[in-house]
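Working notes, beginning with the structure itself.
Order of the sequence lines fixes the chain letters, A, B, ..., with proteins taken first and strands second; residue numbering starts at 1 for each chain.
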Protein chains: 2
Amino acid sequence: MEIKVALFEDNKKLRESLEQLINNANGMICTGAFSDANRLIQNMQQANPEVVMMDINMPGVSGIEAVRVIKERFPNVHILMQTVFDDNDKIFAAICAGASGYMLKKTAPQKMIEAIWETYQGGAPMTSSVAVKVLQMFRLQTRVEKTEFIDLSEREKEILRLLVKGKSYKNIASDCFISIDTVSTHVRHIYEKLRVHSKSEAVAKAIFQKLV
Amino acid sequence: MEIKVALFEDNKKLRESLEQLINNANGMICTGAFSDANRLIQNMQQANPEVVMMDINMPGVSGIEAVRVIKERFPNVHILMQTVFDDNDKIFAAICAGASGYMLKKTAPQKMIEAIWETYQGGAPMTSSVAVKVLQMFRLQTRVEKTEFIDLSEREKEILRLLVKGKSYKNIASDCFISIDTVSTHVRHIYEKLRVHSKSEAVAKAIFQKLV
DNA sequence: ATAAAAATCACCAGTTCATGTGATTGTCAA
DNA sequence: TTGACAATCACATGAACTGGTGATTTTTAT
């Protein structure tokens, strides 16, 4: 039984050469090659693939959005992302959307075939530079801030939570049924306790220190 | 120039066969093979390796502890972990301690040599099953908020970072050597992309979505 | 080559914020 | 009962922000 591979890639030349590469490889067949993800569901049903190769940058529906949709509607399909750049944010977003693998387009054809095979088997093939970035991000996420003790009153905490939600003094006043001036006073006290001088500093500190 | 590889592995048979594998491979040489990490620093100075293969389970000083020490004392050395099990916690701990790669011991000899080579070049070779677990953990850690993909330009991200630090437009202008009006324009664009309408909302969203 | 996106700057009107000063009321512990 | 603190409100001013219009230059993608 051959692995059915579908292809989403807006560059015509690359799309065709990938299609050929897949069809020439043993044990796999390209059942669909599309230039965008605008008729994603339809294309997926038509191609009925086990593995999807998805370009991250496409006109219309982005590759990342497409991954999210595919993972929702066809959760058993494994997705191999393809991109020109090993850009942190996009890798991050693609992984979170549910992509299994992440290969740079410049990857050697033979390696690409191996990656498809690995993806099919439930692996997570990654270009070396991508793997390194994933580990870096992984370590960064784990960092813990040293927490200092900050003693806010209940009311102050309540108002700080509303600040974090992005509310203005006016909003907070009406939410809490108090006057704007009172909000202002509370905020002033919060600033003193947090030793900050603006809403955004307070919000950042509140979040990092997990005060909310 | 050959890659100098040091080996920490308590199983004598495995240690010797790995040593042989390395010495038989082109472009690398085993400059030290040790059964434990109890004389780690001394061994490291003696072997002076560029790549360390470290067993995760050893009597005495654990492989993970050893990684931490090596990364502290010899930060330029790349470390390839070796283990029998692909156990979540240990993978996690090893990565956080600073290991670059993570291979199961049952990996084919040829693949192991490739992994050493990749590690030397700053890559992060991982056994497929490990890579999958890393991605899983990665997603779990992130699954707090559903992350939407927000495509900010470099400049916008830079300015967003400064906003999170609590800087005013004036500060940002002087930090970035641009006019206040330019800062204002960038911020406007950031707001549009994040769909917010104030500094504090932007800051909160930036932090929660890990845009900074 | 050409269109799109990014980065830069300017002017402006209205809104919101930061901070100072001062005051009243209720609670609670010393 | 007195002082500390929390919560409430008021007035005021300068600074900072939001959002709209419009424009030029550079970079980037196709």
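Tested against A:I159 for a side-chain contact (heavy atoms from CB on, under 4.5 Å), the candidates A:H186, A:K167, A:E154, A:H189 yield a single pass: A:H186.
Between B:S179 and B:D151, the residue whose closest nucleotide on DNA chain C is further toward the 5' end is B:D151.
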Where do N or O atoms of nucleotides 25-30 of chain C meet protein N or O atoms at under 3.5 Å, pair by pair?
none

Pairs under 3.5 Å (N/O, protein and nucleotides 18-24 of chain D):
{"unit_1": "D:dT18", "atom_1": "OP1", "unit_2": "B:Y191", "atom_2": "OH", "d": "3.0"}
{"unit_1": "D:dT18", "atom_1": "OP1", "unit_2": "B:K199", "atom_2": "N", "d": "2.7"}
{"unit_1": "D:dT18", "atom_1": "OP2", "unit_2": "B:Y169", "atom_2": "OH", "d": "2.4"}
{"unit_1": "D:dT18", "atom_1": "OP2", "unit_2": "B:Y191", "atom_2": "OH", "d": "2.6"}
{"unit_1": "D:dG19", "atom_1": "OP1", "unit_2": "B:H197", "atom_2": "ND1", "d": "2.9"}
{"unit_1": "D:dG19", "atom_1": "N7", "unit_2": "B:R188", "atom_2": "NH1", "d": "3.1"}
{"unit_1": "D:dG20", "atom_1": "N7", "unit_2": "B:R188", "atom_2": "NH1", "d": "2.4"}
{"unit_1": "D:dG20", "atom_1": "O6", "unit_2": "B:R188", "atom_2": "NH2", "d": "3.3"}

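One interatomic measurement links the two molecules: CD1 of B:I180 to P of C:dC9, which rounds to 11 Å at whole-angstrom precision. Taking atom CZ of A:F177 as the reference point, atom P of D:dA7 lies 17 Å away to the nearest angstrom. Remark: P of D:dA6 and NE2 of A:H189 are 8 Å apart, rounded to the nearest angstrom. As a whole-Å value, the separation of A:L163 CG from C:dC17 C1' is 11 Å. Remark: P of C:dA7 and CG of B:L152 are 10 Å apart, rounded to the nearest angstrom. Atom CD of B:E201 is separated from atom P of C:dT15 by 19 Å (rounded to the nearest Å). The CD1-C1' distance, from A:I159 to D:dA6, rounds to 11 Å in whole Å. The nearest whole Å value for the distance from the NZ atom in A:K193 to the C1' atom in C:dT19 is 18 Å.
In summary, A:D55 and A:R15 do not engage in a salt bridge, as defined by a charged side-chain N under 4.0 Å from a carboxylate O. Between A:R161 and A:E158 there is no salt bridge, since no side-chain N of the basic residue sits under 4.0 Å from a carboxylate O of the acidic one.
Of the side-chain N and O atoms in B:S153, one or more sit less than 4.0 angstrom from OP1 or OP2 of C:dA7. In terms of phosphate contacts, A:K170 brings a side-chain nitrogen or oxygen within less than 4.0 Å of OP1 or OP2 of C:dT16. Checking the phosphate oxygens (OP1, OP2) of C:dT8, a side-chain nitrogen or oxygen of B:H186 falls inside 4.0 Å.
The A:R155 side chain lies nearest to D:dA7 when the options are C:dA10, D:dA10, D:dA7. Among the nucleotides C:dT8, D:dA6, D:dC17, the one closest to any side-chain atom of B:I178 is C:dT8.
For the pair B:L152 and B:K157, the tightest heavy-atom approach, listed with the atom from each and the gap, is O-CE, 3.5 Å. Shortest non-hydrogen contact noted between A:A124 and B:S128 is N-OG, 3.7 Å. Residues B:Y102 and B:F85 share a closest heavy-atom pair of OH-O, 4.3 Å. Contact record, B:V203 with A:S200: CG2-CB, 3.6 Å, taken as the closest heavy-atom pair. Across all their heavy atoms, A:S100 and A:T119 have their closest contact at CB-CG2, 4.2 Å.
For the atom pair CD1 (B:I29) and CE (B:M1), the distance works out to 8.5 Å, reported to the nearest 0.5 Å. B:L194 contributes atom CG, which lies 5.0 Å from atom CD1 of B:I150 (distance to the nearest 0.5 angstrom).
A:T182 comes within 4.0 angstrom of a base, heavy atoms only.
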- prompt: Where do A:K12 and A:E16 land on the salt bridge (Lys or Arg N to Asp or Glu O under 4.0 Å) test, with the steps shown first?
  reply: CA-CA 6 Å; A:K12 186 160 184 269; A:E16 284 169 358; 3.5 Å; yes
- request: For nucleotides 25-30 of chain D, just jot down a letter per nucleotide in 5' to 3' order: B, S or -, based on protein non-hydrogen atoms under 4.0 Å.
  value: ------
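A:M53 has its side chain out of reach of A:M103: every pair of non-hydrogen atoms, C-beta onward, lies at least 4.5 Å apart.
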